[in-house]
Amino acid sequence: MYVNSKPEQKKDVVRVSCCQTEQQKSSQTVLTSLGRHAPVCGFYKLEKMEAVSETDVQFWMAKAVNWGEATSCSALLDTSRHLGSLRSFLQQVLQGLQQMSSTSEAMKTFPFVGQFLGRLCWNPCVIADERSQRLLLRCLNCLYSAEPLNTVEQKANMWIKNMLCHLISEEEGSVAHATVKHAGLTPTRYHSEALQKVVSLMTEEVIKTCDGLPNTSARCSNGNIHAMSLACAALVTCPQISPLIGALLKHSMLCGSSCLNQEFIKEVSEALISKRLVLEDEAVVNLWCYSPTCLEGAAVSLLESVLSDHETMSQSLDKHVNGSLLPQASADHCHIFLTINELYRNVLTEIDENLAVRALIQVFTVCFLQRLTGQKSQDRLPLRAFFPHVMQSLLTPLLTAPSEVPREAWLDHLSWIRSLLQSVTENEEAGEDVRAYQAFFEAWFLLVQCGYWVDTAAELLVLAAPENAEPLLWLLTFFHHPTNRGHQRSQQTAVAREAWTHLRMLFLTRPPPPRHLSAVKELLSSSLSANLVLHLFSNFTIFSHGPVSIITEITDKVLTEAGVKRRALWILASIHCRLNSAATRDDKVNSRLRTLQDTLL
């Protein structure tokens, strides 16, 4: 057992385990050489390190002594509150130690360093902070002599090895091993349980404060809540702190006032997004309700993950969206849905041709509606509350899922949607009324959100008779080309009709005529109509009844030469989400969809 530098609260002496060997006991003298008994105040030789003043040394030594092992709420709060400044001071000490040519020189220049580092190594709050622990390890490493020149440096090495073992190992002969033997706890577990005990007391205090609020409109008058959140800011990634974070966020919801420290809110949000912090769902939603900025950060993080990892996301987009907790939170809190909706609406206006963004908006809406439908009717807000700017007549037909409409009624339902949308476009084209344009945009955006009806229209076009195709082609065209400047929509409807004709011949005729294959590739190469044609093409690959091997070969050849394989994956992702929510499952269709996804990947 090595010298245990765990500091006493009342006596400034070195603890020595009863199982120490004589050689190990002799190492305790090195602590004095390293400054274990150095006075808290005094003159320090700092010529080579002007950044550290004597005043700073005195301040931090006093703090280290007062904190002790930080096993009280007040000590934990004070330690946490000063962690940022402590890291800065440790960084300065590290820079100074790196300038020393030997351990002996370091001990002469910084006689306080041994006592200071030794005390911090036994502070569970400091050790729980990864950055602080890393700085401690680096400082100890700087004091270690690869080739000790004298007895003092040899003993210093022994002490440093013991401190390093205490922090990072549980080998026999270490403090950890001795602690297990005599106290039944490793230092890691000891520090963890000590921290948990203090955090538990603080959590109970917050919960009692919450229970003491007479109603949700009560205002917090306890300044300790702000102090606790400030103390937690530096430790949000420490697992033991999670219950306290959850209690503070719950208190913020019940209290209804901004009593939490903003740095704490920022750190919690960033840790959640980077997956360095795990909280209960209720706590996460409370954070979003408390801070719109954090909610927007979560929505943007979901968008960025979709845009940056198309291969993974396109195959499991619905699972990823549900895993973000945003659909559930949106169903429970209308303002959360409206915030996310507005953010994605603004993104779509900037990059309206991006199929990944469209797929995300559609899948998010599907997941949201599923969560909303799952609520008790007495708890559920009307759809109008979530879509306040959309014409009432559009809500029911578009927000009704295809699975809720008999298959034989799909064509009539889509014709109904087409007639409603067509009247909106005609009103917009008739004049310069801003309100008419707003109604037009809201109608189109709702169609993007409910893109499952456009996918349904594209599915029906695979086997539709020519006399039934017109409303379906119009709907598909409006989805991809909403504006009609320069009669663009009319031109694109003609393109859609031409593509549909070629695709029918390509997928429903055996063998596939080469002329139609070339025509489809040419249409897919057009920058203006590529997404529209690709939407049709993708549905033909899934819902036509030709041999899978032939369709897979055609798909790979056409999409590779046209350079649109990645975009096709997002259309398949939208279709996959719709099929997952269908009332009945078609195993052949799902198997073909998976095969096509694998081929494109």
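Counting heavy atoms of neighbouring residues, nucleotides and ligands inside a 6.0 Å radius, atom NZ of K521 exceeds 12 of them. By the neighbour-count criterion of 12 heavy atoms within 6.0 Å, atom CD of Q422 is densely surrounded, having more than that number from other residues, nucleotides or ligands. Counting heavy-atom neighbours within 6.0 Å of E342 CD, excluding the residue itself, gives a total above 12. Crowding of E404 atom CD: a count of heavy atoms from other residues, nucleotides or ligands under 6.0 Å exceeding 12.
Salt bridge absent: E470 and R418 never bring a charged side-chain N and a carboxylate O closer than 4.0 Å. A salt bridge is absent between E442 and R435; no separation between the charged side-chain nitrogens and carboxylate oxygens falls under 4.0 Å. Taking 4.0 Å as the cut-off between side-chain N and carboxylate O, K557 and E553 do not count as a salt-bridged pair. Contact check on D556 versus K565 returns a salt bridge, with a Lys/Arg side-chain nitrogen under 4.0 Å from an Asp/Glu carboxylate oxygen.
Taking the six-membered ring wherever Trp is involved, the centroid distance between the rings of H413 and W453 falls below 6.0 Å. Less than 6.0 angstrom separates the ring centroid of F337 from the ring centroid of F387.
In this structure, the side chains of Q328 and D281 stay at 4.5 Å or more apart for every pair of heavy atoms. The side-chain heavy atoms of I241 and V236, taken from C-beta on, include no pair separated by under 4.5 Å. Side-chain atoms of Q492 and S529, non-hydrogen and from C-beta on, do get closer than 4.5 Å to each other. At a threshold of 4.5 Å between non-hydrogen side-chain atoms, the residues V285 and D332 do not count as touching. In this structure, C289 and H333 have side chains that are in contact, with non-hydrogen atoms separated by less than 4.5 Å. Contact of the L572 side chain with the I542 side chain is registered, since non-hydrogen atoms from C-beta on lie closer than 4.5 Å. For the pair L421/L394, a side-chain contact is recorded, criterion being any heavy-atom separation below 4.5 Å from C-beta on.
Using bins of under 30°, 30° to 60° and over 60° for the plane-to-plane angle, the ring pair F478/W474 lands in the parallel bin.
Within the 3.5 Å criterion, the main-chain N or O of A401 finds no donor-acceptor partner in the side chain of R578. Side chain of S229 to main chain of N261: a donor-acceptor pair is present (N/O by atom type, distance under 3.5 Å, no hydrogens or angles).
Smallest separation of non-hydrogen atoms from A331 and R371: CB-CB, 3.8 Å. Of all heavy-atom pairs between V321 and F364, the closest is CG1-CA, 3.8 Å. The nearest pair of heavy atoms linking V520 to H502 is CG2-CB, 3.9 Å. When all heavy atoms are compared, the tightest approach of L411 to L460 is N-CD1, 4.0 Å. Shortest non-hydrogen contact noted between A299 and L326 is CA-CD1, 3.9 Å. Shortest non-hydrogen contact noted between Y452 and L369 is OH-CD1, 3.7 Å.
Annotation: cation-pi geometry satisfied between R358 and F479 (NZ/CZ under 6.0 angstrom from ring centroid, within 45° of ring axis). Relative to the six-membered ring of F445, R345 meets both conditions, a distance below 6.0 Å and an angle of at most 45° to the axis. A cation-pi arrangement is absent between R567 and W570, since the terminal nitrogen or guanidinium carbon is not both under 6.0 Å from the aromatic centre and inside a 45° cone about the axis.
Atom OG1 of T541 and atom CD1 of I551 lie 7.0 Å apart (nearest 0.5 Å).
In this structure H545 satisfies the side chain to side chain contact (heavy atoms under 4.5 Å, CB included) test together with L463, sequence neighbours excluded.
For the 3.5 Å distance criterion, the side chains of N539 and D455 fail to qualify, holding no donor opposite an acceptor. Counted by atom type alone, H535 and N531 present zero donor-acceptor pairs between their side chains at under 3.5 Å.
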